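Since the structure comes first, as structure tokens, the remarks are kept for the end.
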Amino acid sequence: FCKSVSVHFMLQFKPSYCRNLLCEMECHEHAWPFLLPVNTKQFPQYKKVIKSPMDLSTIKRKLHENSYKCKEEFASDVRLMFSNCEVFNEDDSPVGRAGHHMRGYFEQRWPQLT
Ligand SMILES: Cc1ncccc1N[C@@H](C)c1ccc2c(c1)OCCCO2
């Protein structure tokens with residue numbers, strides 16, 4: 001999925017850019033539903049409905065563990081987090097609205113290379 005090796009060294013994965021953007025998201029006013037994994041004791045249905053849970057603390061851990069081989073993998077986890085939110089939460093709900101706010105914030109700052 002990542003760029004071929006030859007091109008890759010030029011578009012070197014900039015973890016610093018991702019780390020900064022992640023930090024800005026974590027301190028965003030509407031980040032509160034996404035800071036930690038959804039507690040499945042609090043939301044027993046969640047595990048059944050959402051096959052791949054994702055949250056900002058998990059993305060942060062993966063970034064620090066060098067789990068992301070390219071920036072697109074980082075972006076796809078962020079987008080997975082927002083898609084899970086849309087599946088489980090009504091648009092017109094506090095968490096649903098927070099998800100739309102945060103997704104707008106991310107997409108505005110994510111470099112459009114294509
Ligand atoms: C992103 C997401 N999707 C689906 C369900 C929950 C969440 N986030 C969690 C952190 C959460 C959100 C709202 C909450 C909550 C916990 O605490 C119980 C009281 C009501 O408020």
Side-chain angles (χ1 to χ4, degrees):
F1 178 74
C2 294
K3 299 264 175 298
S4 67
V5 173
S6 57
V7 173
H8 198 55
F9 80 94
M10 285 188 289
L11 299 175
Q12 189 65 39
F13 176 33
K14 296 276 180 289
S16 55
Y17 183 83
C18 297
R19 266 200 298 279
N20 295 341
L21 181 48
L22 191 62
C23 200
E24 286 177 0
M25 290 172 74
E26 285 175 321
C27 61
H28 191 287
E29 166 192 4
H30 298 291
W32 58 271
F34 310 104
L35 297 175
L36 293 171
V38 175
N39 182 329
T40 46
K41 289 181 191 52
Q42 214 174 10
F43 298 90
Q45 265 293 85
Y46 197 79
K47 229 175 172 50
K48 194 90 202 75
V49 172
I50 301 298
K51 298 305 173 200
S52 309
M54 189 49 63
D55 72 285
L56 292 173
S57 73
T58 303
I59 293 170
K60 188 175 202 169
R61 176 179 54 73
K62 287 176 74 173
L63 196 56
H64 285 90
E65 289 170 352
N66 289 319
S67 301
Y68 298 122
K69 294 309 155 212
C70 60
K71 59 183 178 305
E72 287 74 14
E73 285 186 5
F74 168 84
S76 70
D77 264 359
V78 173
R79 290 173 175 139
L80 168 64
M81 177 179 75
F82 294 135
S83 305
N84 290 344
C85 183
E86 285 208 49
V87 166
F88 197 85
N89 302 281
E90 294 293 326
D91 287 339
D92 188 20
S93 69
V95 178
R97 273 191 297 278
H100 289 299
H101 270 292
M102 290 305 296
R103 193 232 308 259
Y105 185 77
F106 171 76
E107 296 297 351
Q108 227 178 5
R109 278 157 186 70
W110 188 248
Q112 285 309 331
L113 295 184
T114 45

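None of the values given here were measured: they were computed from a predicted structure. We count ligands from 1, going down the list as the structure has it; atoms in each ligand are counted the same way.
The shortest N/O to N/O separation between F34 and ligand 1 does not fall below 3.5 Å. The shortest N or O to N or O distance between N89 and ligand 1 is under 3.5 Å.
Distance from atom 12 (C) of ligand 1 to its nearest protein heavy atom, with residue and atom name: V95 CG2, 3.7 Å. Ranking protein heavy atoms by distance to atom 7 (C) of ligand 1, first place goes to V38 CG2, 3.6 Å. Residue, atom and distance of the protein heavy atom nearest to atom 16 (C) of ligand 1 are F43 CE1, 3.6 Å.
Put simply, atom 2 (C) of ligand 1 has protein non-hydrogen atoms near it, under 4.0 Å away. Within 4.0 Å of atom 21 (O) of ligand 1, not a single protein heavy atom is present.
Without hydrogens or angle criteria, T58 side chain to M54 main chain gives no donor-acceptor distance under 3.5 Å. For N84 (side chain) and S52 (main-chain N/O), a donor-acceptor pair under 3.5 Å exists by modelled atom type.
D92 and R97 are joined by a salt bridge, as a carboxylate oxygen and a charged side-chain nitrogen come within less than 4.0 angstrom of each other. We find that R61 and E65 are joined by a salt bridge, their nearest charged nitrogen and carboxylate oxygen being less than 4.0 Å apart. A salt bridge does not link E73 with K62: every distance from a Lys NZ or Arg NE/NH1/NH2 to an Asp or Glu carboxylate oxygen is 4.0 Å or more.
Residue-environment remark: NZ (K48) stays at or below the threshold of 12 foreign heavy atoms within 6.0 Å.
Residue P33 holds the heavy atom nearest to atom 8 (N) of ligand 1 of all those in C85, P53, P33, P94.
Ligand-side atoms of ligand 1 in range of W32: 12 (C), 13 (C), range being under 4.0 angstrom from any heavy atom. Near Q42, meaning under 4.0 Å from any of its heavy atoms, are these atoms of ligand 1: 17 (O), 18 (C).
Checking each of Y105, F74, F82 against W110 for a ring-ring contact (aromatic ring centres under 6.0 Å, His included) leaves exactly one that passes, namely F74.
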